[in-house]
Protein chains: 2
Amino acid sequence: MTVRQQPAKEHRRTRQRAAVDEVLDETEDFISAQELHSLLRARGAGVGLATVYRTLQTLADDGRVDVLRSDAGEAVYRRCVREEHHHHLVCRSCGATVEIAGPTVERWAKSVADQHGYADVSHTLEIFGTCPRCRA
Amino acid sequence: MTVRQQPAKEHRRTRQRAAVDEVLDETEDFISAQELHSLLRARGAGVGLATVYRTLQTLADDGRVDVLRSDAGEAVYRRCVREEHHHHLVCRSCGATVEIAGPTVERWAKSVADQHGYADVSHTLEIFGTCPRCRA
DNA sequence: TCAAGACTGACAACCATTGTCAAAACGTCT
DNA sequence: AGACGTTTTGACAATGGTTGTCAGTCTTGA
């Protein structure tokens, strides 16, 4: 995931945001805005697609959800469990995700950037593979 | 970038492919299909947009160009300099790119995946920052 | 309770990317 | 050179995720 830390502004509590929050809480793995929208519709709590996008974007800006791009370039979201920066090990087939902390990598990235004079550094790191269950 | 190694099939030599190749050779940094298409048009050697996409895809499949997704989710391409797997340090502002080899990271990613029973592992790692020139 | 302003939703607009398919270009074989 | 089977091209339509619009609705603080 991409590193980012921003102040969290205040937002109004609405039925729609609560609904999105709820789904995120119940969802272990990364989910796209479209999927989230379908889920909401399926469970009766219909929320406009645009609203879903806006809500996710807001959450992402506040650092309350992780965002990453699937191989297809689609943005997928997930409630951020750890506060600190971390990465993901994602199953290519079922999407099962493991959060990974990699202090080594953090330091390495930082030092590489420094060596080349790059400032204000952030990085993206995701590992993809096939999980044990999908291999059975 | 994403790890991948495939056999390189034969393709016909055409004016369009040559033109794309030429631009790639002259371009240091990552470029999007759309930009490449504009460049070609600008220099007179017009090539259909669909053809640009197809050509880039073919090159990517053959491992002759690197592909990665910009923050905006747009696919960007670049002639692959090193043969082996590597990563990139990309300037967030001007796109200037440095290729990075990170054996440490490779091993780390592999071991993490192993620990969790994930097989057929690949990974993505890009570092973003502001290059010295853009900071001046 | 009220007013100000944030939020929502239906829909249009965007835009990168892919599909389609007839016409043109290649490479090869004579 | 000429013919022929294939591959490639390009103009255009179609797709699909994402964002913009804007009038109507809901929250919140006073």
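Naming convention: chains lettered A, B, ... in sequence-line order (proteins, then strands); numbering from 1 in each chain.
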### Query
Do B:His37 and B:Tyr53 make the cut of ring centroids closer than 6.0 angstrom?
no
### Query
Can you find a heavy atom in the side chain of B:Leu36 that is under 4.5 Å from one in the side chain of B:Leu24?
yes
Assign [X] to base, sugar-phosphate, or nothing according to its heavy-atom contacts below 4.0 angstrom with the strands shown.
X	answer
A:Gln34	base
A:Thr14	sugar-phosphate
A:Glu35	nothing

Rounded to whole Å, please give me the gap between [atom1] in [X] and [atom2] in [N].
X	N	atom1	atom2	answer
A:His11	C:dG5	NE2	P	18 Å
A:Ile31	D:dG17	CD1	C1'	15 Å
B:Leu56	D:dT8	CG	C1'	15 Å
B:Arg13	C:dT28	CZ	C1'	13 Å
B:Asp21	D:dT8	CG	C1'	15 Å
B:Glu74	C:dT17	CD	P	5 Å
A:Arg15	C:dT8	CZ	P	9 Å
B:Arg41	D:dA11	CZ	C1'	11 Å

Among [options], find the nucleotide with the atom closest to the side chain of [X].
X	options	result
A:Arg69	D:dT18, D:dT7, C:dT8	D:dT18
A:Ala50	D:dG17, D:dG20, C:dT17	D:dG20
A:Arg54	C:dG9, D:dG5, D:dT9	C:dG9
B:Tyr53	D:dT18, C:dA16, C:dT8	C:dA16

### Query
Using 30° and 60° as the class limits, which term best fits the ring planes of B:His123 and B:His87: parallel, tilted or perpendicular?
tilted
For [N], take OP1 and OP2 only and decide whether either is under 4.0 Å from a side-chain N or O of [X].
X	N	answer
A:Gln16	C:dC7	no
B:Arg17	D:dT9	yes
A:Gln57	D:dT18	no

### Message
Quick check on DNA chain C: between B:Val76 and A:Thr51, whose nearest nucleotide comes earlier from the 5' end?
### Response
A:Thr51
### Task
For B:Arg12 and for B:Leu49, find the nucleotide of DNA chain D with the closest heavy atom, then tell me which residue's nucleotide is more 5'.
B:Arg12
#### Entry: Backbone N/O of B:Ser32 and side chain of B:Glu35: donor-acceptor pair under 3.5 Å
yes
#### Entry: salt_bridge(B:Asp21, B:Arg64) N-O dist < 4.0 Å
no
